[in-house]
Amino acid sequence: MLNKVYVTALIDTFFISAFTLLPMFFGIFYLLITSQWKGMDTFYIRGEFFLYSLSLVVSSYLVFNQFKAKPWDLYSTFSKVSLLLLVTCAGFYAILSTTQTPNLQIIEFFFILLIALTIPLFYYSQVVSNKNTPDVAEVRRTEQDNIADSLQ
């Protein structure tokens with residue numbers, strides 16, 4: 001049976017990803033009902049997919065950065081990877097917003113690559129965020145209380 005933390009992380013990832021993509025879903029719905037649908041190119045040209053990736057990777061960065069213990073631990077490594085992806089997504093969006101004639105095949109390739117990296121990274125950040133971590137301060141207070149009680 002799956003651990004509750006992983007199931008919760010999967011559900012959170014699904015809903016957060018769906019809500020992140022909600023503007024695109026509404027845009028697709030609008031284009032379909034107004035018979036203006038010309039394919040996903042409409043969304044690639046404006047760089048929306050890079051913004052969607054960016055919003056997921058920012059959340060991942062914040063989680064990994066919050067839970068890192070040492071500069072060289074696993075969470076710190078994921079924090080650095082998230083930061084690199086964050087800069088990459090922002091850079092692609094900035095470049096795309098200033099380009100008059102973007103190459104849609106290249107944009108699509110990089111979007112698929114970035115989303116393939118950001119969704120699993122985001123999922124793992126949800127696992128980390130949902131794990132029950134011990135409250136070290138509470139443990140220390142309990143130990144101090146036990147020592148004080150035994151000294152009396």
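Keep in mind that the numbers below use all heavy atoms, side chains included, and drop hydrogens, waters and symmetry copies.
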Between Thr118 and Tyr52, is any pair of side-chain heavy atoms under 4.5 Å apart?
no
Linking I/L/V/M/F/W/Y whenever their side-chain heavy atoms sit closer than 4.5 Å, directly or via other members, would Val58 and Leu113 fall into one cluster?
yes
To the closest 0.5 Å, what do you measure between CG (Leu114) and CZ (Phe110)?
8.0 Å
Under 4.5 Å between side-chain heavy atoms, hopping through other hydrophobics if needed: is there a path connecting Ile95 to Leu104?
no
Taking all heavy atoms of Val127 and all of Val5, pick out the closest pair and write down the distance.
O-CG1, 3.6 Å
Which atom of Phe122 lies closest to which atom of Leu56, heavy atoms considered
CD1-O, 3.4 Å
Measure the CG-OG distance between Leu117 and Ser53 for me, rounded to the nearest 0.5 Å.
9.0 Å
Single-linkage hydrophobic cluster Ile107~Met40, side-chain heavy atoms < 4.5 angstrom:
yes
Do the side chains of Leu121 and Leu62 join up, straight or via other hydrophobic residues, at under 4.5 Å, putting them in one cluster?
yes
Crowded around Tyr124 OH? As in, over 12 foreign heavy atoms under 6.0 Å?
yes
Keeping the roles fixed (side chain from Ser129, backbone from Ser125), state whether a donor-acceptor pair exists under 3.5 Å.
no
Residues 82-90 side chain polar contacts: donor-acceptor under 3.5 Å, at least two apart:
unit_1, atom_1, unit_2, atom_2, d
Ser82, OG, Phe78, O, 2.9
Thr88, OG1, Leu84, O, 2.8

Test side chain to side chain contact (heavy atoms under 4.5 Å, CB included) applied to Ile112 - qualifying residues, sequence neighbours left out
Glu108
Using every non-hydrogen atom in the two residues, find where Gly47 and Leu96 come nearest and quote the distance to one decimal.
CA-CD2, 3.2 Å
Please tell me if the side chains of Thr34 and Tyr30 come closer than 4.5 Å, counting only heavy atoms from C-beta onward.
yes
Side-chain donor/acceptor pairs under 3.5 Å, residues 12-26, sequence neighbours excluded:
unit_1, atom_1, unit_2, atom_2, d
Asp12, OD2, Asn130, ND2, 3.2
Thr13, OG1, Ala9, O, 2.7
Ser17, OG, Thr13, O, 2.7
Thr20, OG1, Ile16, O, 2.7

For a 4.5 angstrom cut-off between non-hydrogen side-chain atoms, does Phe50 reach Leu54?
no
How many angstroms lie between atom OH of Tyr6 and atom CD of Gln126, to the nearest 0.5 angstrom?
13.5 Å
Determine, stepwise, if the pair Phe111 / Phe49 fulfils ring-ring contact (aromatic ring centres under 6.0 Å, His included).
CA-CA 6 Å; Phe111 166 70; Phe49 289 117; 4.3 Å; yes
Nearest 0.5 Å, what's the OG1-CG distance between Thr8 and Asn3?
8.5 Å
Any chance CD of Gln36 has more than 12 other-residue heavy atoms, nucleotides or ligands included, within less than 6.0 Å?
yes
